[in-house]
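What follows is a short report on a single structure.
As the structure is a computational prediction, the values presented were derived from the model and not from experiment. Letters A, B, ... are given to chains in the order of the sequence lines, protein chains preceding strands, and every chain is numbered from 1. All values below come from the heavy atoms of this structure, side chains included, with hydrogens, waters and symmetry mates left out.
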Amino acid sequence: MSTQLAGGQLPIEGRLYLAAALILGVLFVFVVRLFQLQILEGDELRRRSEQNSVRQVRLEAPRGEVLDREGRVLASTRPAYRLEVTPNDLSARERTFAALGQLLGAAPAELDEKAGSSRGSRRFRPRVLADDLDFEMLARVESHRFAMPGVHTHVEPRRHYLSGTLAAHLLGTIGEIRADQLEREAFQDYRSGDVIGQTGLEARFEAHLRGREGGRNVVVDVAGREVGDPLLEVPAVPGGRVVLSLDRDLQLAAEEGFEEAPEGELARIGAAVALDVNTGDVLAMVSRPAFDPNSFAGGIDTATWKGLTSDDWDPLQNRALQNHYPPGSTHKAIVAAALLQEGVIGPRTTAYCPGFFRFGGRVYRCWKRAGHGTVDLMDALRESCDVFFYTYGEKLGIDRLANYAKAFGIGRTPGLGLGSEAPGLVPSSAWKRRRFGKPWYPGETVSASIGQGFNLYTPLQLAVAYAALANGGKVMKPRLVLRLETQDGITVKSFPTEQAGEVPVTPARLALVRRGLRAVVEEPHGTGARARVPGVEVAGKTGTAQVVRLDQVEGLKENEIPIRQRDHGWFGAFAPADDPEIAVAVFVEHGLHGSTAAAPIAQRILARYFEKKNGGPLVAATEGGNDESGD
Amino acid sequence: MNPAIDRRSLQHFDWVLLGLVACVLGIGLANLYSASSPGVESGLPPEFRRQTLALGVATIGMLVALVLDYRRLERLAVPVYVGTLLLVASTLVLAPITRGNRSWLIYGPLSLQPAELAKVGLILAMARYFHRNPPSEIRRVRDLWGPAMIAAGPVGLIVLQRDMGVAVLTMLIAATYLLFVRIPARAWAALGAAGVVGLAGLWTYVFKDYQKERILDFLDPSRDPLASGYQQIQSRIAVGSGELFGKGYLEGTQTQLQFLPTQHSDFAFSVLAEEWGFLGSVTLLAVYFLLMIWGLVVANNSKDSFGAMLAIGVVGMLFWPAVINVAMVLGLAPVIGVPLPLVSYGGSQLLANLVAIGLLMNVSMRRYIF
C-alpha cells in the first residue's frame, strides 16, 4: 500500500497493514472459536439444545394483600388456571380438538383456529385456549390430558378483589406494563408482559405489593416440554401487605347509600368521603359509578374496556378527588367562620330576608321565595338562608373570604397519592385578573358567598374542611394507608398522621358555626333532617349546586328536568355535634337537592359508624324537618 | 457550496463497498425477522417493521453524507462535532430516564440516541485534527492532549448520561487513532498504566452493581445461572447447536423458543449462528470484516490525509462494537449489551453507521479528484 497525503509524504501505510492484520487476526480468532463451538462441540451442544435445554421459567410472585383497618382482606391473590396448547406438539390435532371441544363445550374448528398453525416460527409458542378454568373443568381436562398431546394447563397467581366493586377506585387496577412504562427507571427490572398496578393503590404501592419473582431452570426437550426435575429453583417471594385506614363496614354503608336511588331512577352518581376528624384517616371513600377491578386482573377484554371508556358517566374517574364541583351552600359554613372571625357579624347579628337581595341594580334570590324574615346566623345556617350570606359576604369581600377558604384546604390537592387530584378553586380578585384579565366585580362576591360562581370543591376537600371545622381548626392531611407490612405482618413502614394547616378562627367562633350546623340536622326546619341518627347528635350542611341557569328549567317539574340539567346535591356533616369524631362529605351528581339525595347517604355512613362503636343497631332513622328546602 | 456530485465521482462510485454493506444489511434484516418473530401473533414483528423504517431513514442519511464533497466537510467538522455534542447534552435536560440512562430523545413514536451520532461527530473532529497534525509526527504522549480533549467531549457527556457501554465504545473509537501515532514504548507503558488506573477507578466509582455482576459472571458463568450466566450458557448452546449447516431459517429452536433474552439486539449473531451454522456465521463475519478491510483500502487510496483519517475512524466505528459483540456471543467477553453494527436491532446505531459509511463512500468516490 502506498499512501499519498497532502502536505508531503507522511506514510501511514505500515500502520494500515498493522490495522488490517489486527482485523484479520480477530476474524481468525472468531472463526477458530466458531469452529470449536459448532464443529468440535457442535454435536454435544446440539444434543443439549434438543434434549437437554435448560429453559428459564419465571415464577410469578403473588401480589401482596390489601387489608382494611380491621385486617379484613379487600384484595388478595388466587390461582387462575389456563388451558394452553403448543401447536408444534399437536401430534393428533383433529382428535385432540374433537376431545377438547367436548370437554369445553366449544366447536372444535374454533379451537383449532385459536391454536394456530403447526408450522412456522410460532408453532412453539403456547396459545391460550381457555382462561380461568373452574376446578371442575380443570379436573376434567387433567384427567384426559394424557390423550391430548400438546395440551397443558398452566396455573398463575391472579389478583382477586374479594368484594367486587367495593372501593374500586381506591384499590385501582392492575394491567400489563405499557411500552412507555418499561422505559422508565422505576420499572427497570420489569419485562414486557409483566403485570403492574396501573391505577389507585395498586399503582401507588406497586413496589411493595409486587413481591419478587422467582425462577426455575427446567430441562426441556426441543418441543419445550419439561423433562425431569428442575435443575434449580428460586421460589417467588409474595408481595407485602398494605393496611388501609378504610373501614370495610363504613365503605359498604356508603356504597349501599348510592345504590338506593329513588324509585324509577338509576343508581346514584357521585362520591362520598368519611374521615376521622382527629387523624384524617379515610374511613370510607366511594365514587359512583364504579367498575369491577377483577375484570382487569386477567387482562381486560375489549368489550368491557370499551364499555368503561365510552360510558358517558365515566366510571373510571374517581369523583371523590379527581373532579371538582361548585359547593353550593355547604360553602356557607366556611363563610360563617370567616364572617365571625373578621368581626363582620356577631352571634346575634341579623339580616332581613324578604326572599331576595338587591345589589348593584341586580336582584339575587333566596331559595325560599317567600323569604325567611329576620334571621340571625343560627337561623341562616339552619334554613340555609341565602340573603343573610349575600348581605354579609359582600361586606367581607372576596379576598378575605378566599383566604379562609384556602385555610380550610380548598384550592390545593390534599395529596392522597392516588394519581391526579383536582385542586378545587378558590376565586379571588387576583385570580380573576390572572385568569380572565378582568377585575372582580362586587356582585360576584354576592354569588360566591353562597358557594355559587367560581368556587369548586372536590368531595374529599369538603370532608377535610368539615373535619377541620369539627376538630377545632386542624386541617388534617387525609391518610388512606396506615402501614405497610411484610406478608407475615411485620410493619415495615408506618404513615403518621399529618396536620396540613390550621384554620385562623378561634375555637369559640368555630363552636358557634358547629352549633349552627347542629341546628341544620337536629332542629325543626333544618334542611338536613334526613341525616339524623338516633342517639347521636349530627351537625351538617346541605348544598345544592346549580347546573344550568334557573330560567332554563323554570316551570318544569323536578322529574321533568333532563338529568344532565338537574342540580347537584351536597351534604357535609360531622358527629357527634358536640365532640365530633367523624366527618362525612357526600356529593350526588344531578341529585337535585342535598337534603334529599345526599343527606340520607351521610346518615347511613354515620349510623353504621355509631352502630359499630356502640356495639348494636340503632333505631331506624327518623325523617322530618324542612323538606321543601332548595338545598 | 455546491453539493452536487460531478460525473467523475459517479464514475468512481465504490460499488464494492455498497455491495458489502447491502450484503450485511440484508443478512441482518432477514436475521432480525427470525429473531423477533417468536411471540408475535400475526403480521410483521414490530421490531422488524421499525428496523425497516429506520433503514429507510438511515439510507437517506447515507446519501446525504456521500453527496457533499468530504473536503468541504473538513471545514464543517467542528460545527458538526459541536452540534452532535449539543445534541447529546440536550438529553441531559430533555431525555426521560430510561433503564437508568438519559440516552434517548423521545418524540411520540420516534426516538433517537444522540450518542450514536456523536460518534460520527467524533470521527470528523478526529480526522480534522490528525489531518492538521499528522499522526506520524506525534511522538510524545503530551502531543495526544488535543485528541484526548476531542474524545473527552462526547465521552464525558455520555458518562453523564450514565451510559457506560456507549462511553467505553466511544473511547475505543477515539483510541483507534493511537495505532497510527509514533509514540515510544515508554509512552505506551504510561498509557497502559493510565488505562489500568482508569479501569480501577471505573470499577470502584462508576460501574453499577449489575455491571460488575456481569463481568464477574463472565469470569464464572455458574455464579448466577438465572441471569447473565444463563445468557452466556444459552448463547453458547445456540451457536454450537447450529453445527456446520445450521438448523435452517426460522427453525432455530433456541431462537424460536426464546431461550435467549434480547436475541434481536445483543444476541442477533447467536440467532444467525444457530439457524445458518458455521458456514453462515463465517460468511457473515467474512463479509463484515472484508468491509472493514475495504475501509482501510479506502483510507489507503484516499488522496489526502483528511479522507484517510475519516476512513480509519469509520473502520473503528464498525470494528470495536463488532469485536465486543461477537466476543460476547461466543463467550469470549462478558455480556455487556453492545449491539452488532448494521445487524442488531436499533435505529440510531443504523443511522449513525450508515452515515459513517456514506462518508467512507464519499472519500472512496473522490479518490481520483485533484
Side-chain angles (χ1 to χ4, degrees), chain A residues 1-8 10-13 15-16 18-20 22-24 26-27 29-31 33-39 41-50 53-56 116 120-125 127 180 182-185 188 191 215 217 220 222-224 231-232 234, chain B residues 34 37-41 96-100 104 106 131 134-137 179-180 225-226 230 233-234 236-244 250 253-254 256-257 259 273-274 277-278 281-282 285-286 289 292-293 296-297 299-300 302-306 308 312 315 319 323 326-327 330-332:
Chain A
M1 289 187 196
S2 77
T3 307
Q4 294 174 307
L5 295 164
L10 300 170
I12 55 167
E13 79 253 35
R15 298 299 171 111
L16 282 175
L18 187 64
L22 189 70
I23 290 172
L24 291 173
V26 170
L27 175 62
V29 171
F30 287 167
V31 173
R33 174 67 171 170
L34 281 169
F35 186 82
Q36 181 202 356
L37 289 177
Q38 298 187 301
I39 308 298
E41 294 176 22
D43 233 14
E44 162 64 18
L45 289 170
R46 176 173 279 237
R47 232 192 338 270
R48 277 183 69 181
S49 89
E50 283 176 2
S53 290
V54 177
R55 173 140 60 151
Q56 207 167 71
S121 61
R122 287 161 203 155
R123 68 180 187 273
F124 298 109
R125 185 177 149 81
R127 305 294 187 91
D180 63 303
L182 269 173
E183 297 295 315
R184 287 192 226 144
E185 182 156 40
Q188 254 194 87
R191 277 182 274 185
N217 279 358
V220 292
V222 68
L231 298 179
L232 175 91
V234 180
Chain B
S34 177
S37 58
V40 178
E41 288 297 335
I97 296 184
T98 61
R99 314 208 155 231
W104 293 88
I106 295 170
H131 170 58
S136 54
E137 286 180 10
L179 195 64
F180 298 90
L226 278 181
Y230 168 84
I233 293 165
Q234 291 307 335
R236 200 168 145 250
I237 293 177
V239 172
S241 64
E243 296 180 286
L244 183 60
L250 297 176
T253 50
Q254 292 284 111
Q256 305 305 337
L257 288 169
F259 280 103
E274 186 189 18
F278 181 73
S281 339
V282 170
L285 287 183
F289 279 70
M292 294 182 214
I293 299 284
L296 294 181
V297 172
N300 190 50
S302 163
K303 71 183 187 58
D304 62 12
S305 64
F306 179 68
I312 287 165
V315 172
F319 178 75
V323 169
V326 177
L330 298 183
L332 299 169

Exercise. Measure the spacing between CD1 of Ile237(B) and CD of Glu44(A) and express it to the nearest 0.5 Å.
Key: 9.0 Å
Quiz item: Can you list the residues that meet the side chain to side chain contact (heavy atoms under 4.5 Å, CB included) rule with Asp180(A), with sequence neighbours excluded?
Solution: Arg178(A), Arg184(A)
Quiz item: Given that the side chain runs from C-beta out, which part of Ala238(B) has a heavy atom under 4.5 Å from chain A: side chain, backbone, both or neither?
Solution: neither
Self-check item: Gap between atom CG of Leu330(B) and atom CG of Leu37(A) - 0.5 Å precision
Solution: 6.5 Å
Quiz item: chain A heavy atoms under 4.5 Å from Phe180(B): which part of the residue, side chain, backbone, both or neither?
Solution: both
Practice problem: With a 4.5 angstrom heavy-atom cut-off, could you sort out which part of Leu34(A) is near chain B: side chain, backbone, both or neither? | Solution: both
Quiz item: What option among Asp43(A), Leu18(A), Leu22(A), Leu24(A) has the most heavy-atom pairs under 4.5 Å with chain B?
Solution: Asp43(A)
Exercise. Evaluate the side-chain proximity of Val31(A) to Phe278(B): yes if any heavy-atom separation is below 4.5 Å, no if none is.
Key: yes
Practice problem: Could you check which of Val315(B), Val282(B), Leu285(B), Val239(B) has the highest count of heavy-atom pairs closer than 4.5 Å to chain A? | Solution: Val239(B)
Quiz item: For the residue pair Leu27(A) and Ala286(B), what are the closest heavy atoms and their distance?
Solution: CD1-N, 4.3 Å
Practice problem: Indicate the atoms forming the closest heavy-atom contact of Phe30(A) with Val323(B), along with that distance. | Solution: CZ-O, 3.5 Å
Quiz item: side-chain contact (heavy atoms from CB on, under 4.5 Å) between Val326(B) and Val26(A): does it pass, once the steps are laid out?
Solution: CA-CA 10 Å; Val326(B) 177; Val26(A) 170; over 6 Å; no
Quiz item: Gln38(A) and Ala273(B): which non-hydrogen atoms are nearest, and at how many Å?
Solution: NE2-O, 3.1 Å
Exercise. Give the minimum heavy-atom separation between Ile39(A) and Glu243(B), together with the two atoms involved.
Key: CD1-C, 4.5 Å
Quiz item: Considering all heavy atoms of both residues, which atom of Ser241(B) and which atom of Leu45(A) are nearest to each other, and what is their separation?
Solution: CB-O, 3.6 Å
